[in-house]
Amino acid sequence: MATADAQSIAEELMEWFSHEGRDLPWRRPPRTPYRVLVSELMLQQTRADVVARRFEAFVDRYPDFAALAQATLDDVLRAWEGLGYYRRAQALWRTARVVAARGELPVEREELLRLPGIGPYSASAVRSFAFSLPDPALDANLRRVALRVMGERADPARAQAQKAAHGLLSEVLKAGPPADLSDALMDLGALVCTSRGPRCEICPIARWCAGRESGEPEAFGRPAAKGARRELRIVALRVESELGLLWRPRPSKGLLAGLWEPPHLLAPEQPGEGEIDRLLATWGVRGARDTGERWPMSHVFTHQAWIGEVRRIEAESLPPSAPARWLNRHALAEVALPSAFRAVLSKGW
DNA sequence: AACGCGGGGAG
DNA sequence: CTCCCAGCGTT
């Protein structure tokens, strides 16, 4: 993005914002650090129009850090009722106590990040809205707008995508009043450059937008679809000896906790033969011979899908590395086997 | 990187 | 109904 483009984008945003910007309670003067912080905590994962109905009652009851710090947590939680994510109310109250004791809200990013409930977004929001510093607050709106302008397909949650968005928007915020430009970018994301059904025909910065030029602006800047699970390739081994099949218990926490598993490899790409050999060595298998027999297996979880094959291996009847064990037919019937690995037992077991 | 955490608005 | 929202803290 050329400096001249950042300048032009800033000018168009300011012009558009002057007549299309939203009138939101926390934007009205005085835009003090306290009011900014309260609004930002309320706005975490909560739409602006919902917060707009609740903001004034809260700051009327607790007008400043001192008032909030003196309240009991129970009272603050009651004032938060209906807003959800009640942990935010506790964090705000704790931060108020720190600030009331300290005197004022810090300006430095690192110091803000140490306060309860203030993460990367809120720290930047305080700096841009309360102190008018060119520090883009990368919420869902600003990420989406930036990634569409850049034509960047990356998942907005990824660090790499955020770095790119930060670079572009820093330039824009330096080309005008950072607080107003941040307001404008938020409103653009909420009213025009929406997650679904963006209205490119009325967008003031469409001329600079690669996403619009591509003809599929919706394809950029959206969170990875919930249903779109990660696909992993799997090679599971049916290692046979005269004593049975090789299995071991999985860790007691996490996916399929405590169930039993056979030797297998999971990776985004098909594993190489060397990895199979190392896997067998790790399990303490001696005299392994690949029979060449293979059959397909697949399993779909909520968050990931395994697609691959089972390979039949023959090995010597020597003790494997703990906690792996040879399980005969009787033992296999006694332990818990995830259905994901049932395919290992087909073809004769 | 992936979850859990509330509740509501929009399509 | 599903998707998504001015995210953070924890693992």
Side-chain angles (χ1 to χ4, degrees), chain A residues 17 21-27 31 35-55 77-78 80-95 109 112-130 135-146 154-162 165-166 169 173 178-199 218 220-230 232 251-255 257 266 268 301-304:
Chain A
F17 182 64
R22 292 176 293 182
D23 174 28
L24 297 167
W26 51 91
R27 289 180 177 172
R31 207 169 190 182
R35 292 167 62 92
V36 168
L37 188 66
V38 170
S39 70
E40 292 307 334
L41 269 288
M42 287 186 171
L43 286 160
Q44 288 171 7
Q45 284 293 284
T46 308
R47 302 181 106 97
D49 50 359
V50 174
V51 174
R53 292 181 231 129
R54 305 290 305 276
F55 177 76
L77 286 170
R78 210 163 300 133
W80 201 269
E81 252 175 28
L83 274 172
Y85 283 139
Y86 296 92
R87 198 172 52 187
R88 297 180 298 174
Q90 178 165 1
L92 177 59
W93 176 72
R94 288 173 56 205
T95 285
R109 181 181 177 75
L112 286 165
L113 286 173
R114 280 186 226 122
L115 294 168
I118 300 185
Y121 162 76
S122 300
S124 295
V126 165
R127 286 165 57 76
S128 56
F129 292 128
D135 187 347
L138 296 182
D139 75 323
N141 288 310
L142 267 67
R143 289 178 198 175
R144 188 172 57 248
V145 170
D155 183 336
R158 293 187 52 133
Q160 182 187 354
Q162 293 180 40
H166 187 276
L169 296 178
L173 294 195
D180 296 333
L181 283 167
S182 295
D183 283 333
L185 286 163
M186 294 278 183
D187 287 1
L188 191 70
L191 305 174
V192 177
C193 194
T194 46
S195 183
R196 286 179 290 183
R199 305 161 68 191
E218 270 197 14
F220 305 89
R222 290 177 53 169
K226 275 288 197 287
R229 343 174 216 278
R230 216 155 42 112
L232 296 175
S252 56
K253 297 170 77 172
L255 183 68
L266 272 175
F301 296 94
T302 310
H303 294 296
Q304 54 184 298

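Predicted, not measured: the structure shown is a model, and the values here were computed from it. In what follows, chains carry the letters A, B, and so on, assigned in the order in which the sequence lines appear, proteins first and then strands, with residues in each chain numbered from 1. Only heavy atoms go into these numbers, but all of them, side chains included; no hydrogens, no water, no symmetry mates.
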Legend entry - For atom CZ of R31(A) and atom C1' of dA6(C), their distance in whole Å: 11 Å
Legend entry - Atom-pair distance (CZ on R54(A); C1' on dG6(B)), nearest Å: 12 Å
Inset, instruction - Apply side chain to side chain donor-acceptor pair (under 3.5 Å) to Y121(A) and Q44(A), showing your working. - result: CA-CA 9 Å; Y121(A) 162 76; Q44(A) 288 171 7; over 6 Å; no
Inset, instruction - Report yes or no: does R144(A) contribute a side-chain atom to a donor-acceptor pair with the main-chain N or O of G221(A) at less than 3.5 Å? - result: no
Legend entry - Donor-acceptor under 3.5 Å (Q45(A) side chain, Y85(A) main chain): no
Legend entry - Check: dC4(C) base within 3.5 Å donor-acceptor of R196(A) side chain: no
Legend entry - For atom CZ of R114(A) and atom C1' of dG9(C), their distance in whole Å: 17 Å
Legend entry - Atom CZ of R158(A): over 12 foreign heavy atoms under 6.0 Å: no
Inset, instruction - Please state how far atom CZ in R222(A) lies from atom P in dG11(B), giving the value in whole angstrom units. - result: 13 Å
Inset, instruction - Check DNA chain C against residues 83-93 of chain A and give the residues with a non-hydrogen atom under 4.0 Å, in numerical order. - result: Y85(A), R87(A)
Inset, instruction - Round to a whole Å and report the spacing from OH of Y121(A) to P of dG7(C). - result: 6 Å
Legend entry - Atom-pair distance (CG on D155(A); C1' on dA1(B)), nearest Å: 11 Å
Inset, instruction - Look at all strands and tell whether Q45(A) reaches a base, only sugar-phosphate, or nothing, counting heavy atoms closer than 4.0 Å. - result: base
Inset, instruction - Spell out yes or no: do the side chain of T46(A) and the base of dG6(B) have one donor N/O and one acceptor N/O closer than 3.5 Å? - result: yes
Inset, instruction - Name the closest nucleotide to the S122(A) side chain, picking from dC8(C), dA6(C), dA10(B). - result: dC8(C)
Legend entry - dC4(C) and dC5(B), which share atom name C1', separated by this distance in whole Å: 15 Å
Legend entry - Test item: R88(A) side-chain N/O and W80(A) main-chain N/O as donor-acceptor pair under 3.5 Å: no
Inset, instruction - By nearest nucleotide on DNA chain C, pick out whichever of L113(A) and L24(A) is the more 5' one. - result: L24(A)
Legend entry - Closest-nucleotide 5' rank along DNA chain B - winner of M42(A) and R53(A): M42(A)
Inset, instruction - For the pair S39(A) (side chain) and L37(A) (backbone), establish whether a donor and an acceptor sit closer than 3.5 Å, ignoring hydrogens and angles. - result: no
Legend entry - Separation between the P atoms of dC8(C) and dG8(B), rounded to whole Å: 22 Å
Legend entry - Sugar-phosphate, base or nothing in reach of R27(A), heavy atoms under 4.0 Å: base
Legend entry - Check against side-chain contact (heavy atoms from CB on, under 4.5 Å), L112(A) and S122(A): CA-CA 9 Å; L112(A) 286 165; S122(A) 300; over 6 Å; no
Inset, instruction - Verify the contact: side-chain N or O of R143(A) to OP1 or OP2 of dA6(C), cut-off strictly under 4.0 Å; return yes or no. - result: no
Legend entry - Upstream residue (5' side of DNA chain B) when Q44(A) and R158(A) are each assigned their closest nucleotide: R158(A)
Inset, instruction - Would you mind reading off the distance between L191(A) atom CG and dC5(C) atom P, rounded to a whole angstrom? - result: 14 Å
Inset, instruction - Ignoring hydrogens and angles, tell me if any N or O in the side chain of D187(A) forms a donor-acceptor pair with the backbone of G21(A) under 3.5 Å. - result: no
Legend entry - Euclidean distance, atom CH2 of residue W80(A) to atom C1' of dG8(B) [Å, nearest integer]: 15 Å
Inset, instruction - Take atom C1' in dG6(B) and the same atom in dC3(C), then report the distance between them in whole Å. - result: 16 Å
Inset, instruction - Just call it for G197(A): base, sugar-phosphate, or nothing, with non-hydrogen atoms closer than 4.0 Å on any strand. - result: nothing
Inset, instruction - Give one of base, sugar-phosphate or nothing for A140(A), where a contact means two heavy atoms less than 4.0 Å apart. - result: sugar-phosphate
